[in-house]
Amino acid sequence: MIDELDKMLRAITGFDAICMQPNSGAQGEYAGLLAIRNYLRAKGEGHRNVCLIPTSAHGTNPASAAMVDMKVVLVDCDAQGNVDVEDLRNKAIEHKNDLAALMITYPSTHGVFEEEIKEICAIVHECGGQVYMDGANLNAQVCISKPADIGADVSHMNLHKTFCIPHGGGGPGMGPIGVKAHLVPHLANHPVVSVNNDDQTNTAVSAAPWGSASILSISWVYISLMGGTGLRQATEVAILSANYIAHRLNEHFPVLYTGRNGRVAHECIIDIRPLKERTGITEEDVAKRLMDFGFHAPTMSFPVPGTLMIEPTESESKAELDRFIQAMIQIREEIAAVEAGQMTAEQSPLRHAPHTQADLMDANWDRVYSREQAAYPAEWLKEAKVWPTVNRIDNVYGDRNLFCACIPVEDYR
Ligand SMILES: *Cc1c(COP(=O)(O)O)cnc(C)c1O
């Protein structure tokens, strides 16, 4: 099954080989950069240590570069969210003698297909560097374009994002990397079971030769059942759904970045900052209010603070997308009430969200809005409602103050 999945992933990405060892995208980045470093050393260019990373990158990119001792040089993005090609060219030329790699996400974390992607890869190659493509957004490429054809030397695939392995709750995941032939001799190997190449001095990146091998069967089943036609349709629907949401929401919440034709890729970023300035309502208020409508909030304040990044994927029906859009439009209307001075941000249902059953049962309900608006802002909630169990928590406090909830050892007596 692993061999068959290997073949499927090669067909999808265009790479010559797949290394099935990394357990996550981040570990794939590490494995890919190690292969690049080993390749450069073998060529006698081990001094190359500069890694160019656009400011739109996921935080794991600079972290992985740091783990293989590369020096991160940031590349600017333009007002449309694209990599600033002139800045990239200047920095690649400036570091020509010590350039090791570019890490680039395609389509980008800003939710756009960089039109200059091939040019960007060519510039890096001309300056002696390798191209690491962060493949976390491969769901917008499958059966339409291939990372290897675009110019990537190595790229990871998040099988727990693009290929159906349940995603969330902390894993396990799988982040195999695809590489071009010249990197194959430098891929991670394993001291017990030789994999990828014959050189067992290439160290392993995880404990097991094929990572979390058992869950590879999920991606094997998914790809087998979908087939080429089904996978292509999934990609198209994912892009279509993101554009549908962007188009419908744009007049209520401005979409931050779009391509030349006003389209997005697989996700869109909506900007809450102008509303926040005018009304004091924050992106967190919007995220928490969505819970009252039964929605898990989209990604908040990444990659741009004060925004929400919405990625519907291929798996939601049009009815579900419409429900989400309706919820967002109603939330916008609630913000409008604050804008119009009908209530303050502090008094609004947005700031008090999410609402629990205990809130509603309180005999001393003294809010300026009704209980019905709090808990049943939309008609469909009367039929099916997921009740938030707690009110808003202080996320930052929780992150900064770790405490152990284990029972004391004595209690086991
Ligand atoms: C998810 C993601 C990663 C990291 O992948 P993990 O499997 O969570 O380690 C890296 N880059 C981008 C753009 C991502 O979205």
Side-chain angles (χ1 to χ4, degrees), residues 9 13 18-34 36 51-68 70 72 74-75 77 81-83 101-114 117 120 131-142 147 150 152 154-178 188 205-206 210-213 215-216 218-219 235 238-239 242 257 264-269 296 298-304 307-314:
L9 294 178
T13 58
I18 306 288
C19 165
M20 222 51 103
Q21 198 170 88
N23 284 299
S24 72
Q27 214 175 40
E29 293 169 24
Y30 176 65
L33 292 179
L34 271 187
I36 289 175
C51 186
L52 298 176
I53 301 182
T55 52
S56 55
H58 193 267
T60 49
N61 290 188
S64 300
M67 281 185 63
V68 298
M70 286 187 186
V72 175
L74 290 178
V75 178
C77 287
N82 296 300
V83 170
L102 162 76
M103 296 185 88
I104 187 160
T105 310
Y106 182 78
S108 78
T109 296
H110 284 164
V112 287
F113 287 105
E114 312 266 354
I117 185 73
I120 289 169
V131 175
Y132 185 96
M133 186 176 284
D134 180 328
N137 299 335
L138 186 65
N139 64 323
Q141 283 198 64
V142 176
I150 291 169
V154 44
S155 176
H156 72 257
M157 291 142 255
N158 302 60
L159 300 189
H160 49 283
K161 290 182 180 173
T162 308
F163 298 105
C164 229
I165 294 175
H167 174 182
M174 269 303 284
I177 54 173
V205 296
S206 85
W210 296 284
S212 305
I215 56 174
L216 291 175
I218 300 171
S219 297
T235 306
I239 296 171
Y257 300 123
V264 297
H266 61 302
E267 65 193 6
C268 62
I269 298 178
H296 188 292
T299 304
M300 198 178 73
S301 288
F302 173 82
V304 185
T307 66
L308 294 174
M309 182 168 79
I310 306 168
E311 178 172 9
T313 79
E314 74 286 354

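For ligands, and for the atoms within them, numbers begin at 1 and follow the listed sequence. Each residue takes its place number in the sequence, starting with 1. Nothing here was measured: the structure is a model prediction, and the numbers come from that model.
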Exercise. Do side-chain atoms of H110 reach the backbone of V112 as a donor and acceptor pair under 3.5 angstrom?
Worked result: no
Seminar exercise, completed: The protein heavy atom nearest to atom 9 (O) of ligand 1 is A26 N, 2.9 Å
Exercise. For Q27 and S24, which heavy atoms make the closest approach, and how far apart are they?
Worked result: N-OG, 3.0 Å
Problem set entry | Contacting atoms of ligand 1, where contact means under 4.0 angstrom from a heavy atom of S24 | 7 (O), 9 (O)
Exercise. Can you find an N or O of N61 that's nearer than 3.5 Å to an N or O of ligand 1?
Worked result: no
Exercise. If you round to the nearest 0.5 Å, how far is OG1 of T109 from CG of N137?
Worked result: 5.5 Å
Exercise. Looking only at N/O atoms, are N158 and ligand 1 under 3.5 Å apart anywhere?
Worked result: yes
For this session: Could you tell me the residue and atom name of the protein heavy atom closest to atom 11 (N) of ligand 1, and the distance to it rounded to 0.1 Å?
Result: D134 OD2, 2.6 Å
For this session: Provide, to 0.1 Å, the distance between atom 1 (C) of ligand 1 and the closest protein heavy atom, together with that atom's residue and name.
Result: K161 NZ, 1.4 Å
Problem set entry | Whether Y132 and H156 hold their rings parallel, tilted or perpendicular, with breakpoints at 30° and 60° | tilted
Exercise. So which protein heavy atom does atom 6 (P) of ligand 1 come closest to, and at what separation?
Worked result: G25 N, 3.4 Å
Problem set entry | Expected output: side-chain S206 to main-chain Q21 donor-acceptor under 3.5 Å | yes
Seminar exercise, completed: For atom 12 (C) of ligand 1, the closest protein heavy atom turns out to be A136 CB, 3.3 Å
Problem set entry | E114 backbone acceptor or donor facing N82 side chain under 3.5 Å | no
Seminar exercise, completed: For T109, the ligand 1 atoms with a heavy-atom partner under 4.0 Å come out as 13 (C)
Exercise. Is a side-chain donor or acceptor of H167 paired with a backbone partner of H160 at a separation under 3.5 angstrom?
Worked result: yes
Exercise. Can you find a non-hydrogen atom of Q27 under 4.0 Å from ligand 1?
Worked result: no
